[in-house]
**Student:** 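Once you've had a glance at the structure underneath, I'll fire off some questions.
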Amino acid sequence: MFKDLITNLFTNYYETVAVIIFGIGFTTLLLNKNLIKKIIGFNLMDNAVYLFLASKGYVEGRKAPIVVNNVMDVNAYINPIPAGLVLTGIVVSVSVTAIMLALTVKLYRRYHTLDIDEIAIISRKGGI
Amino acid sequence: MSKLKENYKDSFSQKFSDFMTGDLEVPDSIHARKKQDRVDKIVEADQFFSEFTTSDDIQRRELYQAFKHRRFVKHANKIYSIMSAVIGLIIIIILLITVAYLPEFGNKSNPDNNVVSQRYIENGLEETGAVNIVSGMILDYRAFDTFGESNVLFIACCCVLILLRNDDDEINPDEDVIDFKRDIILEKAAKFLVPVILVFGIYVVLNGHLSPGGGFSGGAIMGAGLILFANAYGFERMERLFSYSTFKKITFGALLFYGVAKSYSFFTGANHLHSIIPLGTPGAILSSGLILYLNICVGLVVACTMYGFFALFKRGRI
Amino acid sequence: MEFLRNMPFFCIILSMVSAVIISIMSDRAARVFSLMVIGAVGIMSGLTLFYVIWLGESYTYYMGHFPAPWGNEIRVGILEAMTAIVFSIVMFASVLGGAKRVFVDVTPKKRNLYYIMVDLLLAALLAMIYTNDLFTGYVFIEIMTISACALIMIKDNGHCLVAAAKYMIMSLIGSGLILLGLSMLYDLTGHLLMSNIKEVIELNVENGVYQLPLTVTVGVLCVGIAIKSALFPFHSWLPDAYGYSTATSSALLSSLISKGYIFLLIKIMYRVIGMEVIATTRIGNVFFLFGVAGMIMGSVRAIAQTDVRQMIAYSSVAQIGYIYMGMGLGTKLGMMAAIFHIFAHSSAKSMMFISVDGLSYVADDSKEFDNLGGSALKNPIAGITFTVGACSMIGIPMLAGFIAKVCFADAAINASTIKLVIVMLALAFSTLLNAVYFMRAIISIYRPIRAEEQVKMHPKEPAFIIACVIFVCLNIYLGLHAQPMLDLIIAGIDMFA
Amino acid sequence: MPVFHIILLGLLIVCAIAACTSRKLINSVVIFMSFSLVMCVIWFLLESPDLAITEAAVGAGVTSILFFLVLRKINALNAYDADDEEDEDYKNKIIESESESHE
């Protein structure tokens, strides 16, 4: 049982790595109080999911989905769907990153700190 | 080790970080005065931006510190960090067990290599006219997602505009001028690089349906070129080429064209009407129906947005 | 008649394109234009409902030239059209009623950006309601999150910025989990379209393959959406976000945004995973437990508040608990009650946020109970509206909240005995708590005005009055005319399966 | 199992952990930039050149520029992020005063 598990994990090594990075990013997003670190954690998390998704489209021995020499055979190219989804996803994560960074700058200007707990307490106690 | 620490001031990383913070020593007296001016003005601006005076600030920080070192809060923090670390570990373990039971990596009989991808690959060229199947897929088969995606960019730009735009133009009328230092190396490099980057970006956008790339990557490259130009020559010069009204017009025009074109395509598709847009010969530059024009629109929007992010972060307006 | 089938598509495209057009308008024009768009969307949704009832079955609509598993698709049924109508009415009244406050709270150059956000929020809501494709759902979840964040932080003060940051962080965790669940689902089935995924899942369950990954995937998706819709243990961002932002934003956030996510979750439960599989994963019991816990804890926290808007915000936590409890019952009646509560709550809660704004205006912008005394006498319309909303939330007969509570009780009778006991106790206790804190609020706003107080009357604003009248009518309609609505909801749920 | 893939994936994990645990913010950002670059190579290995171009232009380019701009705005290019020494002093003071009051 356990041996099977390990063997399977090694077979799916891309997914394994993706899941580990997802966990790291998730923990950082939850644990770290620094806003910049939180943003990095979120980016790691998203990138991990993209890695997971893209590895799903990969097929051993096939080429990138760009038609060459009018060969239109399924066995020639990898699955194009994950690539398209990841492309959309990257745009979303860039946008969200930019917004979070702008929010960080704004909060820093007001509270002179990056610690989200400190900011929350100052804003509650100080009434600002 | 101690030797290393002594030489730290001359090390590359220190210089790099000095360069980034702008603390390079300037021997020239004029430059020094300019720098002083700049520091003064930035301090002024900072004072404007900070909502409360310094003494208030210290008081608040002390309040926080006192709060933070109460025994209860300390314990709560500790418990919270242990809890979240444990949650992270649990999530990793659960997902690892899941991954072990997922379909094999790189196997061609996986569930996702099914009729959907088969049709994309076998008929993609005929039905969309795009040689790059990914481009054809995101801009024709699944165009609604991509329309949503370009709206995400638009809304993100609006959000950053809400957060970082200076409403009062008089407060620091020339922050970009004072914040800008001429750097001869950067200028010379930019002189060569900017045209190359821009042309490469345009190439990637225009060839989005023929080769890897497309609106988004090409637009990001073009945006990077614009950012480099603004960094090397300053915003004042940039504004001659690219002002806020240009930004607004380009974004508005591109998104509106995108919306109208895609609505037409959706409408004809759903009502089984014949679309008048020709697909052209596959492989030619003017082919694949709307994809080329949509790529151009997305490219323009992305380039403007990326440059807009940069300008807003740097000086508070586009 | 055939032309009417295009209406959902027109709704979505109109609201998206109008957001782009607003970006070059002045603020007043933007307000009028976005109100017109919301109104048009409401009318078109009405036509859609009419068409679907006439047709007698749901239909799918290609977004592009390609059929089902290849292109994007939207799906229209009775429930979708009804939700779109209720949401657009609530949105119209919220934007109309809070317009004055937006004018005060937002700096002049940013006002038209506010209406861009409102329009894109509408587009995202509609797309999430109608979509038949999971990835489209994800993209519009992100649009909704970003626009919600913008609606919170557009009022430029510290509380709102902190609330926006907290909201954004929680939402990012949620969307990360949703994306992961979605890609695992794609991996297991090879499809992104809801109906195709369901077919493959049924096949997999029959053959007994991929059992464990499927369970984990369902769990991940549900937790992600629960975080986004502020189910009880994940509600920490909610009170600040609802309590400090401008009135329209609070109304939209509490009544539409969390409900949009819940609607998507219901859709995923029925149309992607299938209720049989959901029943075997026992995720329903988890929802039930957390829902009940949220009902009690939210109400208890609400009693402790001295700020009226914070109190309403904590009450929202309790009401979201009700909805999840109904979903957790696992029966069709429970789901019906949950969906009706979505409507009842969104019409009542947005009404309360808008009317509290009118009340606090006459109390010199204070939201503390001590200062609100007598405000209902200075601003009678807001007072009446607030009272109606509070009565509806407590569950006074003839109002929407009462019907919802009766439905929950009715659904519980058909569930197992343990759930019946828990539901009855929780309903009774929660209603008691609701009555305590809402009655306190009502009594304090109707306290007679003391002689030495100077009376600051509310100016007659037609927009505010119209919004209040719309809200009161909607609530009374939902309360008095509930049976046809419930029948329609049942028909809509049948169309889902 | 190709060795090159494994090396890159290992590098990815190392980068992820280092970016999250580094004490200096600028280090985190630079490491995150290198994470993006490694990702870019991995996209090529997974036969997705579209993603590689996008990741190179966005992840390693524009996002990093934005991060650096923000670090500059918040004067964090030289400062340590976590509890600094001042903090420790303050904590000691609090502990002292507490013990005094108990006596």
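In what follows, every heavy atom counts, from backbone to side chain, and hydrogens, waters and symmetry copies are set aside. Residue numbering restarts at 1 for every chain, and letters A, B, ... go by the order of the sequence lines.
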**Student:** Name all residues meeting the side chain to side chain contact (heavy atoms under 4.5 Å, CB included) criterion together with D:Ala56; count only those two or more places apart in sequence or in a different chain, and write none if there are none.
**Tutor:** D:Cys40
**Student:** State whether the side chain of D:Ser64 and the backbone N or O of D:Gly59 hold a donor-acceptor pair below 3.5 Å, judged by distance alone.
**Tutor:** yes
**Student:** Under 4.5 Å from any heavy atom of chain B, what part of D:Ile53 do you find: side chain, backbone, both or neither?
**Tutor:** both
**Student:** For residues 211-224 of chain B, give me every residue with a non-hydrogen atom less than 4.5 Å from any non-hydrogen atom of chain D.
**Tutor:** B:Pro212, B:Gly213, B:Phe216, B:Ser217, B:Ala220, B:Ile221
**Student:** Taking every heavy-atom pair that is under 4.5 Å apart, which of B:Asn132, B:Ile227, B:Val204 has the most such pairs with chain D?
**Tutor:** B:Asn132
**Student:** Just by distance, do the side chain of B:Ser135 and the backbone of B:Gly208 share a donor-acceptor pair under 3.5 Å?
**Tutor:** yes
**Student:** Which of parallel (below 30°), tilted (30 to 60°) and perpendicular (above 60°) describes B:Tyr233 and B:Phe229?
**Tutor:** tilted
**Student:** Can you tell me how the ring of B:Phe310 sits relative to the ring of B:Tyr307, calling it parallel under 30°, perpendicular over 60° and tilted otherwise?
**Tutor:** tilted
**Student:** Roughly how far apart are B:Asn110 CG and B:Glu104 CD, rounded to 0.5 Å?
**Tutor:** 7.5 Å
**Student:** Rounded at 0.5 Å granularity, tell me how far CH2 in D:Trp43 sits from OG in D:Ser36.
**Tutor:** 10.5 Å
**Student:** Is D:Leu46 in contact with chain B via its backbone, its side chain, both, or neither, using a 4.5 Å heavy-atom distance?
**Tutor:** side chain
